Amino acid sequence: MKRFVLAATAALISASLAQAEVTEEMLLNDTASTGDVLTNGMGRHLQRHSPLDILNRDNVENLVPAWAFSLGGEKQRGQETQPIVHDGVMYITGSYSRLYAIDVKTGREIWQYDARLPEGILPCCDVVNRGAAIYGDNIYFGTLDARIVALNKDTGDVVWNKKIADYKAGYSYTAAPLIVNGLIITGNSGGEFGIVGAVEARDAETGDLVWRRPVIEGHMGELNGEESTMTGELNATWPGDMWKTGGGATWLGGSYDADTDTLVFGTGNPAPWNSWLRNAGTPTDGNAGDNLYAASRLGIDPSNGEIKWHFQTTPREGWDYDGVNEVVAYTDRDGNDRFATADRNGFFYVLNREDGAFVSAVPFVKDISWAEGIDETGRPIFVEDNRPGDPSESTDGNKGEVVFASPSFLGGKNWMPMAHSPVTGLFYVPSNEWGMDIWNEPITYKQGAAYLGSGFTIKPNYEDHIGSLKAIDPDTGDIVWEYQNPAPLWGGVMTTAGGLVFTGTPEGEFMAFDDQTGEVLWSFQTGSGIVGQPITWEQDGEQYVTVISGWGGAVPLWGGEVAQKVNYLNQGGLLWTFRLPQQLAAN
C-alpha cells in the first residue's frame with residue numbers, strides 16, 4: 001500500500017492538531033453536534049439534515065468559495081464520497097480506493113493513502129467510493145478488491161487490513177462503513193456476478209470478525225467463529241441450488257436506529273436478472289418465487305447478526321430493481337416513528353420503525369409500467385405482460401420477448417441519497433424519469449463472470465428532462481414541488497434548518513433551493529458533474545458547506561441512449577468548500 005504524508009503538515013498534526021478519540025456517544029449525537037460531521041448521512045438515521053441556520057434563505061446568495069482541493073493524478077473517475085469532519089480535519093475517499101486527510105482551514109493535504117489494487121478487479125458500476133467512517137483513533141474505508149482498512153486518523157498509518165470477500169469471484173466494496181457500539185459493519189458489492197450478499201460486523205480495534213449474516217435464504221450465519229443460524233428456510237422461495245449464487249448484494253451499506261437498536265440494510269437484485277430461471281412458483285403460489293431476501297430491507301440485531309424483520313419491495317424481481325436504497329428513520333407529524341425509503345422500482349415506502357411493517361407506498365416517478373400499484377400488504381400488483389419474456393419459449397431459445405419497462409434498471413432513484421427535513425416534514429428525493437427496452441437470455445453461472453441473463457437499452461421518457469428533484473410529503477404521498485434537470489441526477493441531497501436544500505447536477509451546478517417552494521436561491525459551477533454528497537458544519541462562528549465534483553458512476557457506463565446524451569460531460573476530481581463570511585451573514 002502507498003501512503004503519502006506532507007512533512008510540514010504531518011509535524012503540525014503531531015505537535016498541535018492531534019485529535020480527540022471519537023466515541024459512541026459522539027456518533028450517536030452527530031446531528032446535534034454542528035462543529036463536525038462524524039457519520040455517513042450526517043447522523044446514523046441518514047436524514048442528512050443540519051440544525052444550522054446561520055446560512056439561510058435570506059443570505060445564501062452570499063455563500064462564497066473558501067478553498068478547493070484536487071484529488072490529483074489521472075484517476076479522474078466518478079467521485080461519490082461524503083466527507084467526514086473532526087477536530088479541524090476533513091477525510092474524503094476518492095475513486096480507485098484512495099483516502100485523504102485535509103486541513104479544513106486551509107484545504108491543504110495532511111496525508112494520503114492509496115490502496116494498491118490488484119489486476120482483475122471487477123467493479124460493476126465505476127471505481128467509486130462513497131466515504132469513510134471514524135471511531136476511536138482510526139478512520140476506516142473499503143476498497144474495490146473487497147477489503148476493509150483501518151488507518152490511524154492522525155498519521156494515515158495502517159492499523160489493520162482485512163479481507164471481506166474474494167474479488168476474483170466478483171466481490172467488491174464501495175460503501176461507507178457503519179460503526180455501532182465498537183463494531184464496524186459492512187456489506188458487499190458484486191450482485192451482477194452471482195455473489196451472495198452479506199452483512200458483517202468486526203471489532204473496530206482489531207478487525208476480527210464478530211458475526212456474519214448472509215442475506216439469501218439457505219446460507220448459514222456466523223457468530224464468534226462458529227455457525228449460528230440459517231438465513232430463512234432452505235428452498236422456501238428459491239428453486240434447486242440457485243440460492244447458492246443468489247445475489248442480493250448489500251452494496252450501499254446501512255443505517256442504525258438507536259431507538260429500536262436495529263441495523264437496517266437493503267439488499268440488491270437476485271441473480272441472475274432472468275427471473276424465469278429462479279421462479280420457484282407462479283404469482284398465485286404465495287411467496288414461492290419471491291427469492292428472499294433479495295430486493296428487500298432487513299432489520300438486523302447489531303449484537304449477533306440475527307434478522308429481526310424483513311420487507312421485500314420487489315418480490316419475483318426481474319428488472320434489476322435493487323432494494324438497497326437508504327432507509328431513513330424519522331417521526332411523522334402525528335408522532336409515529338417511521339422509516340422511509342424511495343425504491344429503484346419507483347415507489348416511495350413508509351414502514352413502521354418498530355418491526356418494518358408496511359404502512360404506505362406511493363409512486364414518486366411517472367410512467368411506472370411493471371406494476372399497477374402496491375396492495376394493502378405492501379406487495380406490488382404486477383403487470384405480467386411487462387415482465388421480460390421467457391427465452392425458453394422463444395422460437396430460437398436465445399432471446400425472450402422484449403418489453404419496455406419504466407423505470408429503467410438504474411431506477412426511479414438509485415444510490416444517491418435523499419434528505420429529510422424535520423422542519424418541513426418533507427423528503428427531498430433525487431429521481432430520474434427513464435425507461436428501458438429489456439429482454440431475457442439464457443445464462444449459466446461461471447465464477448467471476450457477469451451473471452445477468454438479460455439485455456437492455458435505457459431511454460429517456462421525456463425530451464426536456466431526465467433528472468427530477470422532488471419534495472415529497474410522506475404523510476400524504478403528495479409531491480409538493482419538483483425541479484427538473486436535463487441530465488440524470490446522481491448526487492446526494494442535504495437539508496438545513498435555514499430552509500435550504502442542497503444538491504448538484506451532472507452539468508456541474510451546485511445548487512441551493514428553498515425547501516418550501518423549490519425556488520433556486522444560489523448556484524455555483526464546479527467544473528465537473530456532481531455525483532457526491534454535500535455536508536455542512538460550523539467553524540469559528542461561520543457556516544461551511546462542502547461537496548465533491550467529479551462526473552462518473554453508473555450512468556456513463558450503463559446508460560444506453562442516456563449515456564450518449566450526456567457524453568459531453570467532463571470528468572474531474574475537485575473538492576469544493578464554501579463559507580458564509582460573518583459580515584455577510586446578516587445580509
Side-chain angles (χ1 to χ4, degrees), residues 31 42 46-64 328 330-334 338 340 342 346 348 350 360 362-366 412-413 416-433 462 464-526 530 533-536 543-547 578-580 584-587:
T31 299
M42 299 171 61
L46 304 189
Q47 289 186 8
R48 298 184 182 273
H49 174 80
S50 171
L52 284 170
D53 60 3
I54 300 170
L55 181 68
N56 55 55
R57 298 184 189 96
D58 297 329
N59 59 28
V60 68
E61 64 182 4
N62 298 323
L63 192 64
V64 295
V328 180
Y330 76 105
T331 302
D332 70 14
R333 294 183 181 91
D334 292 329
R338 302 299 197 202
F348 183 95
V350 175
S360 66
V362 294
F364 66 93
V365 293
K366 297 181 281 289
K413 189 180 90 66
M416 56 279 193
M418 64 184 181
H420 173 66
S421 171
V423 179
T424 65
L426 303 178
F427 280 84
Y428 301 88
V429 182
S431 67
N432 291 302
E433 305 283 356
Y462 299 95
D464 60 344
H465 76 285
I466 300 172
S468 170
L469 177 64
K470 296 181 173 78
I472 297 177
D473 188 325
D475 296 342
T476 65
D478 293 337
I479 295 176
V480 177
W481 57 258
E482 175 184 9
Y483 172 82
Q484 296 179 350
N485 192 70
L489 295 181
W490 210 253
V493 182
M494 175 182 70
T495 68
T496 76
L500 301 173
V501 178
F502 285 89
T503 195
T505 72
E507 294 91 341
E509 295 293 334
F510 187 42
M511 309 173 75
F513 301 82
D514 185 307
D515 63 3
Q516 294 181 345
T517 67
E519 178 186 356
V520 178
L521 301 176
W522 174 88
S523 181
F524 182 89
Q525 174 54 238
T526 63
I530 295 173
Q533 307 167 61
I535 63 164
T536 188
Q543 188 169 348
Y544 286 71
V545 179
T546 292
V547 73
F578 305 87
R579 61 186 276 263
L580 177 67
L584 298 178
N587 290 0

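The first residue of the sequence shown is numbered 1, and numbering continues consecutively from there. Note that the coordinates shown come from a computational prediction; the quantities given were computed from them, not determined experimentally.
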Using modelled atom types only, decide if a donor and an acceptor are shared between the side chain of [X] and the backbone of [Y] within a distance under 3.5 Å.
{"X": "D53", "Y": "A497", "value": "no"}
{"X": "H420", "Y": "L426", "value": "yes"}
{"X": "N432", "Y": "G412", "value": "no"}
{"X": "T495", "Y": "V501", "value": "no"}
{"X": "W522", "Y": "L63", "value": "yes"}
{"X": "E509", "Y": "T503", "value": "no"}

With side-chain hydrogen bond (donor to acceptor under 3.5 Å, both in side chains) as the criterion, how do S468 and E482 come out once you've worked through the C-alpha distance, each side chain's angles and the decisive distance to 0.1 Å?
CA-CA 6 Å; S468 170; E482 175 184 9; 2.6 Å; yes
Side-chain contact, heavy-atom cut-off 4.5 Å: [X] with [Y]?
{"X": "V493", "Y": "M418", "value": "no"}
{"X": "L500", "Y": "V60", "value": "yes"}
{"X": "M42", "Y": "Q47", "value": "no"}
{"X": "F513", "Y": "L469", "value": "yes"}
{"X": "M494", "Y": "V545", "value": "yes"}
{"X": "T331", "Y": "R338", "value": "no"}
{"X": "V547", "Y": "Q533", "value": "no"}
{"X": "H465", "Y": "P486", "value": "no"}

Take I530 and T505, measure what side-chain contact (heavy atoms from CB on, under 4.5 Å) needs, and give me the verdict at the end.
CA-CA 5 Å; I530 295 173; T505 72; over 6 Å; no
I need the [X] [atom1] to [Y] [atom2] distance, nearest 0.5 Å.
{"X": "I535", "Y": "T546", "atom1": "CD1", "atom2": "OG1", "result": "5.0 Å"}
{"X": "D475", "Y": "D332", "atom1": "CG", "atom2": "CG", "result": "5.0 Å"}
{"X": "Q484", "Y": "I466", "atom1": "CD", "atom2": "CD1", "result": "11.5 Å"}
{"X": "L55", "Y": "R579", "atom1": "CG", "atom2": "CZ", "result": "12.0 Å"}
{"X": "E433", "Y": "K366", "atom1": "CD", "atom2": "NZ", "result": "4.0 Å"}
{"X": "N59", "Y": "L584", "atom1": "CG", "atom2": "CG", "result": "8.5 Å"}

Shortest non-hydrogen separation from [X] to [Y] and the atoms involved:
{"X": "P417", "Y": "P430", "result": "O-CG, 4.0 Å"}
{"X": "P506", "Y": "P488", "result": "CG-O, 2.6 Å"}
{"X": "S523", "Y": "M511", "result": "OG-CG, 3.9 Å"}
{"X": "D515", "Y": "R57", "result": "OD1-NH2, 2.7 Å"}

Tell me whether the rings of W481 and Y428 are parallel (<30°), tilted (30 to 60°) or perpendicular (>60°).
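Tilted, since the angle between the ring planes falls between 30° and 60°.
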Using the ring of each side chain (for Trp, its six-membered ring), is F524 parallel, tilted or perpendicular to F578, with breaks at 30° and 60°?
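Ring orientation of F524 relative to F578: perpendicular.
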So F427 and F364, side-chain contact (heavy atoms from CB on, under 4.5 Å) or not? Walk me through it.
CA-CA 11 Å; F427 280 84; F364 66 93; over 6 Å; no
Using distance alone, with no hydrogens and no angle criterion, decide if T424 and Q516 have a side-chain donor and acceptor under 3.5 Å apart.
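No, because no side-chain N or O of T424 sits under 3.5 Å from a partner of the opposite role on Q516.
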With distance as the sole criterion, is a donor-acceptor pair present between the side chains of E507 and N485 under 3.5 Å?
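The criterion, which ignores hydrogens and geometry beyond distance, is satisfied for N485 and E507.
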With ring centroids as reference points, do F510 and F502 lie under 6.0 angstrom apart?
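Close enough - the centres of the two rings lie under 6.0 Å apart.
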Please determine if D473 and R333 form a salt bridge, counting it only when a charged side-chain N lies under 4.0 Å from a carboxylate O.
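A salt bridge is present here (some side-chain N lies under 4.0 Å from a carboxylate O).
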side-chain contact (heavy atoms from CB on, under 4.5 Å) partner of F348, the single match among S431, P474, S360
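Only match with F348 under side-chain contact (heavy atoms from CB on, under 4.5 Å): P474.
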